[in-house]
S.K.: 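Quick one: this structure, given as C-alpha cells, is what I'll be asking you about.
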Amino acid sequence: MYAATVLLPLFGAIVAGILAFVDPPGKEGKGRVDTAAQWVTCGALIASAATATYIFYDAIFLGNTGTVELFTWIDSGAMEVSWAVRVDTLTAVMLFVVSVVSAVIHVYSIGYMHLDPGIPRFMSYMSLFTFFMLMLVSADNLVQLFFGWEGVGLASYLLIGFWYDKPAANAAAIKAFIVNRVGDFGFILGIFATFILFQSVHLDTIFAAAPAKADATLRVFGGEFHALTVISLLLFFGAMGKSAQLGLHTWLPDAMEGPTPVSALIHAATMVTAGVFMVARMSPLFEQSETALAVVTVVGASTAIFAATVACVQNDIKRVIAYSTCSQLGYMFFALGVSAYSAGIFHLTTHAFFKALLFLGAGSVIHAMSDEQDMRKMGGIWRSIPVTYAVMWVGSLALVGIWPFAGFYSKDIILEAAYGAGSAVGGYAFWLGIAAALLTAFYSGRLLFMTFHGQSRADEKVMAHVHESPKVMLIPLLFLAAGAAFAGYVGYESFVGAGAGEFWGDALFVLPSHTALEAAHKVPLWVKYLPLGVGFAGLAGAYVLYIRVPALPGLLAGRFRAIYLFLLNKWYFDELYDFLFVRPAFVLGRGLWKTGDGALIDGVGPDGVAAATLGLARRVARLQTGYLYHYAFAMMTGVVFLVSWYLVMG
C-alpha cells in the first residue's frame, strides 16, 4: 500500500512519456494518444490519492505507523542507505495533501490543456513531479530525501519550460534551476556535515543521537562552531532556495511562464512546500540551536512582508498569486522558527487547498479571457463566469483569513504563536505578520475587483467570447473550494488544538522550554482579533481604491512614484543580482574564453603547434624550386662543408 502510493504516479509518468514519443499519422490518432495519456496519469493519481487517504486514516486513527524497506540502495562502510517508505503522522499528512491536490490538478489539466499539442509530455512531467515529491516526504534517510529534493527541481525545470519555443519560458526554467542549485549546495553541505557528526544519514539514528550532540562542535574554515547550528543553517539554506525565501526567491514569479496547472502544482502541493516539510522533519536538530531558529524566524517574517508589498502593485493575475505564495511561505517558516511546527504544517495543509484553488481559478479566468493575464485588461466579467467568480472569492477569503474559511484558523494560530513566543524575534515576526495580513487582504481584494468588477477594459472581441469553463475544470474548482472553506475548521483541534500532542506523536519534536504553541491559546483577545480586523480593513481599502474611486490608485502611483517603482521592480533584487553575479560571471566567462582558452590554451597548444608546423612547412617548400642548378649548387655547398669540417677537425 505504501509503495503503491509513491510509485503509481511514476507508472503514469512512464506510460505517458512513452506515448509522448508516439507520432500518430492523423489528427484522430493524435487525439487517442492524448486521451490515453490523460486517462493513465489521472487514473494513477486518483488511485494514489485513494491509497494515501487510507494511509492517513490508518496512521492517524489506527496508529499504524512504521517504515517499509523496499531494498538496499547503498551499503559502503558506515554509509548504509535503503530505499524505504517512512510513515508517521507528518508523512501521512503530506502524502494525503500532495496526492489529493495533485490528482485534482491533473483532472483540471484535461480541460485547460485540451488544445495543446504536447499533452502526453505535459501529463508525464506532472506525474513525475508528483512522484518525486511523494518520494521526498516519505524518505527515511537524507539521501533518499535529497533524491526527491533534486527530482522536484528537475521536474520544475521541465514544466516551467514546457513551452520551450518561448524564450521567456526557457529563461524562467533556467533561472529556477540555477537559483535552486545555489540553495541545494548548502543542503548538500548540510547532509555531509550531518554524516560527519552522526556517522549516519538515517533519520531515526540522527534524531536519537541529537540530544547527546547538543554541545558538539564542528571545525569550519579554521574555527570551532556549534555543530547543530552549522548543520541547521546549511539545511535551512537549502530550504530557502526550494521554498523561495528572501534572497533566493527570485525564481518563483518567473515560474509563471509555465502553464497554469504547473503554477498550481508548484505553489500548492509540491516544490515550495518541500523546504517547510524538511525543516519540520528535522525539528530534533533545529530545536538544539536557538540561533538557527532565530534565523528561520527572521527570514520567514521578512519574506512575508517583502512578498506582500510586491504583490500589491503587480498586474499579472498569476504573479499576484505567486507573490502571495512567497508571503504565505514566510508565515510557515516563522511558525517553524518559534517552534510551532504543527502550526506551520497546518497552514501548509490549508494553503495547499486555497492556493491551488486561486491558481486554477486564475486559469479559468485566463481561459475565459482568451489567454489574457493582465488585470488591467479585464473587469466586468463576473456575470459571465459566475462559478469561477464564486470560487475565487472563497479562495481569496481563505487567503485573507476571514472567518470561517481555512486561513482564519491556520494563519491566525501562527500569529498567536509568534506573539506567545515572548521573544524579540517572535515579536518581530508577529508585527510583520500583521502588516503582511493587511497587505494580503488589500491585494486579494484588488485582484477580485480589477478582474471581475467595474467597467470592462478588455478588447471587444475578447469580451464577446468570455465564457465559463467546462465541467472538467469546474468540478476540481468546487472540490478545492470545499477544502478552502472547511479544512481549517476540521483540522484545527487535531493539528494545533487540544488533541495536537496525541495527533502528532513523535513525528515533530519540541523542547519543553519552547512553549509558543501552548501560549498561543492564552494570548489577549486583541491578538486574536487583530488579524481579522486588518483583513477587513485591507478588503475595504481595496474596495475604495478600485470600486469607489478608481482614479485614486493612479494618482497615488504618480505621487509616490519612487516607492511605486521600487515595489513594481520587486525591490530591485533582480537588478542587484544582475550587477553582483550575472555581469561579473559573463565578464569572467568571456575573459576565460577569449584570453584563457582562445589565446593561451589554444594559441600556445593545438593552434600554436599547428601554426608553427604550417610556417615551417611553407619555408621548406620554398627550397623546392625545381631548378637543376639550384640542386647542384646545394650539393656543391654540402661537399665543401664536409671537406672543410674534415680538414679542420682532423
S.K.: Hey, does Leu265 have a side-chain heavy atom less than 4.5 Å from the side chain of Thr130?
M.R.: yes
S.K.: Distance alone, cut at 3.5 Å: any donor-acceptor contact between the side chains of Ser410 and Thr350?
M.R.: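 There is such a pair between these side chains.
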S.K.: Could you give the side-chain donor-acceptor pairs of residues 484-497 under 3.5 Å, partners two or more places apart or in another chain?
M.R.:
residue : atom : partner : partner atom : Å
Glu493  : OE1  : Ala498  : N            : 3.2

S.K.: With sequence neighbours excluded, what pairs up with Lys318 under the salt bridge (charged side-chain N to carboxylate O under 4.0 Å, His left out) test?
M.R.: none
S.K.: Which heavy atom of Asn141 sits nearest to which heavy atom of Ser82, and what is that distance?
M.R.: ND2-O, 3.0 Å
S.K.: What I'd like to find out is whether the side chain of Tyr54 reaches to under 4.5 Å of the side chain of Thr5, using heavy atoms alone.
M.R.: no
S.K.: Checking side-chain contact (heavy atoms from CB on, under 4.5 Å) for the pair His267/Leu252: CA distance, chi angles, key distance, verdict?
M.R.: CA-CA 9 Å; His267 288 247; Leu252 193 64; 3.5 Å; yes
S.K.: Which atoms form the tightest heavy-atom contact between Ala239 and Val279, and what is the distance?
M.R.: CB-CG2, 4.1 Å
S.K.: Take atom CH2 in Trp163; do more than 12 heavy atoms of anything else shown fall under 6.0 Å from it?
M.R.: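 Yes - once you tally the heavy atoms of other residues, nucleotides and ligands closer than 6.0 Å, there are more than 12.
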S.K.: Rounded to the nearest 0.5 Å, how far does CD of Gln199 lie from OG1 of Thr194?
M.R.: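 One finds 11.5 Å between OG1 of Thr194 and CD of Gln199.
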S.K.: For residues 188-209, which residue pairs pass the salt bridge (Lys or Arg N to Asp or Glu O under 4.0 Å) check, not counting sequence neighbours?
M.R.: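 Every pair satisfying salt bridge (Lys or Arg N to Asp or Glu O under 4.0 Å) with a residue in residues 188-209: Arg86-Asp204.
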S.K.: Sequence neighbours left out, what pairs pass salt bridge (Lys or Arg N to Asp or Glu O under 4.0 Å) with at least one residue falling in residues 139-161?
M.R.: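 Qualifying pairs, neighbours excluded: Glu150-Arg181.
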S.K.: Enumerate the residue pairs fulfilling salt bridge (Lys or Arg N to Asp or Glu O under 4.0 Å) with a member in residues 263-282, sequence neighbours excluded, ordered by first and then second residue.
M.R.: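 Of all non-adjacent pairs touching residues 263-282, those that pass salt bridge (Lys or Arg N to Asp or Glu O under 4.0 Å) are Asp88-Arg281.
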S.K.: Could you verify whether a donor N or O on one side chain and an acceptor N or O on the other, from Lys355 and Ser324, lie under 3.5 Å apart?
M.R.: yes
S.K.: Would you tell me whether His106 and Ser127 have side-chain atoms, one donor and one acceptor, within less than 3.5 Å of each other?
M.R.: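 Result is yes, a qualifying pair exists.
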S.K.: Going by ring-ring contact (aromatic ring centres under 6.0 Å, His included), name the residues that satisfy it together with Phe354, two or more places apart in sequence or in a different chain.
M.R.: His351
S.K.: Verify the neighbour count for atom CZ of Phe162: are there more than 12 heavy atoms of other residues, nucleotides or ligands below 6.0 Å?
M.R.: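 Atom CZ in Phe162 is packed in, count exceeds 12.
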S.K.: Determine the minimum heavy-atom distance between Gly148 and Leu136, stating which atoms define it.
M.R.: C-CD1, 3.8 Å
S.K.: Is the centre of the Phe236 ring less than 6.0 Å from the centre of the Phe286 ring?
M.R.: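 Not under 6.0 Å, so no.
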S.K.: Indicate the ring-plane relationship of His367 and Tyr112, choosing parallel, tilted or perpendicular according to the 30° and 60° boundaries.
M.R.: tilted
S.K.: Quick one: does Leu477's side chain get under 4.5 Å of Ser364's, heavy atoms only?
M.R.: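 Answer yes - side chains close enough.
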S.K.: Does Phe56 have any ring-ring contact (aromatic ring centres under 6.0 Å, His included) partners at least two apart in sequence or in another chain, and if so, which?
M.R.: Phe96
S.K.: Do you know which two heavy atoms are closest between Phe198 and Ile206, and how far apart they sit?
M.R.: CE2-O, 3.6 Å
S.K.: With heavy-atom distances below 4.5 Å as the criterion, would you say the side chains of Leu19 and Met123 are in contact?
M.R.: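 Of all side-chain heavy-atom pairs linking Met123 with Leu19, none is under 4.5 Å.
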S.K.: Provide the closest heavy-atom pair for Ala139 versus Gln144 in the form atom of the first, atom of the second, distance.
M.R.: CA-NE2, 3.6 Å
S.K.: Taking CG in Asp506 as the centre, count heavy atoms belonging to other residues, nucleotides or ligands within less than 6.0 Å. Is the count above 12?
M.R.: no
S.K.: Sequence neighbours excluded, which residues qualify as salt bridge (charged side-chain N to carboxylate O under 4.0 Å, His left out) partners of Glu257?
M.R.: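 Counting only residues at least two positions away or on another chain, Glu257 forms a salt bridge (charged side-chain N to carboxylate O under 4.0 Å, His left out) with Lys166.
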S.K.: Does Phe11 have more than 12 heavy atoms from other residues, nucleotides or ligands lying within 6.0 Å of its CZ?
M.R.: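 Not more than 12 within 6.0 Å, no.
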S.K.: Can you pull the side-chain hydrogen bond (donor to acceptor under 3.5 Å, both in side chains) pairs that have at least one residue in residues 326-338, sequence neighbours excluded?
M.R.: Gln328-His347
S.K.: At what distance, to the nearest 0.5 angstrom, does CG of Leu357 lie from CG of Leu480?
M.R.: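 Interatomic distance, Leu357 CG to Leu480 CG, rounded to 0.5 Å: 5.5 Å.
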S.K.: Which of these passes ring pair (Phe, Tyr, Trp, His ring centres under 6.0 Å) with Phe187: Phe237, Trp149, Phe192?
M.R.: Trp149
S.K.: Report the residues that fulfil ring-ring contact (aromatic ring centres under 6.0 Å, His included) with Trp83, sequence neighbours left out, ordered by chain and then residue number.
M.R.: Phe71, Trp73, Phe147
S.K.: Do Tyr108 and Val472 have side chains that get closer than 4.5 Å, going by heavy atoms?
M.R.: no
S.K.: If you compare all heavy atoms of Gly258 against all heavy atoms of Ser263, which two are closest, and at what distance to 0.1 Å?
M.R.: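 So the minimum-distance heavy-atom pair works out to O-OG, 4.2 Å.
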S.K.: Taking atom CZ of Phe509 as the centre, report whether more than 12 heavy atoms of other residues, nucleotides or ligands fall under 6.0 Å from it.
M.R.: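 Enclosed: over 12 neighbouring heavy atoms sit under 6.0 Å from CZ of Phe509.
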S.K.: Are any of the side-chain heavy atoms of Thr67 and Val87 separated by less than 4.5 Å?
M.R.: no
S.K.: Quick one: are Ile110 and Cys42 in side-chain contact, heavy atoms under 4.5 Å?
M.R.: yes
S.K.: Mind checking whether Asn180 and Lys242 have side chains closer than 4.5 Å, heavy atoms only?
M.R.: yes
S.K.: Give a yes or no answer on whether the side chain of His202 reaches the backbone of Ser200 with a donor-acceptor pair at less than 3.5 Å.
M.R.: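 No, His202 side chain to Ser200 backbone: no donor-acceptor pair under 3.5 Å.
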S.K.: When the ring planes of Phe353 and Phe479 are compared, do they come out parallel, tilted or perpendicular, using 30° and 60° as the limits?
M.R.: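 Aromatic pair Phe353/Phe479 classed tilted.
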S.K.: Calculate, to the nearest 0.5 Å, the distance between atoms CZ and CD1 belonging to Phe359 and Ile321 respectively.
M.R.: 5.5 Å
S.K.: Roughly how far apart are Asp316 CG and Ile366 CD1, rounded to 0.5 Å?
M.R.: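 Going from CG on Asp316 over to CD1 on Ile366, the span is 7.0 Å.
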S.K.: Within this structure, what is the OG1-CD1 distance for the pair Thr41 and Ile14, rounded to the nearest 0.5 Å?
M.R.: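 That separation rounds to 13.0 Å.
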S.K.: Is the backbone N or O of Leu399 less than 3.5 Å from a side-chain atom of Lys411, with the two atoms forming a donor-acceptor pair by type?
M.R.: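 At least one qualifying donor-acceptor pair exists.
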S.K.: Would you list the pairs meeting salt bridge (Lys or Arg N to Asp or Glu O under 4.0 Å) in which at least one residue belongs to residues 66-84, sequence neighbours left out?
M.R.: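 Those involving residues 66-84 do not exist here.
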S.K.: Test Leu508 against Ser342 for side-chain contact (heavy atoms from CB on, under 4.5 Å), laying out the working first.
M.R.: CA-CA 8 Å; Leu508 300 173; Ser342 57; 4.1 Å; yes
S.K.: Which residues pass the salt bridge (charged side-chain N to carboxylate O under 4.0 Å, His left out) test with Arg319, sequence neighbours left out?
M.R.: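 Partners of Arg319 by the salt bridge (charged side-chain N to carboxylate O under 4.0 Å, His left out) criterion, ordered by chain and then number, come out as Asp254.
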S.K.: Working to the nearest 0.5 Å, report the span between CE of Met94 and CD1 of Ile345.
M.R.: 6.0 Å
S.K.: Does the pair Phe333 and Thr303 meet the rule for a side-chain contact (heavy atoms from CB on, under 4.5 Å), with working shown?
M.R.: CA-CA 9 Å; Phe333 273 109; Thr303 303; over 6 Å; no
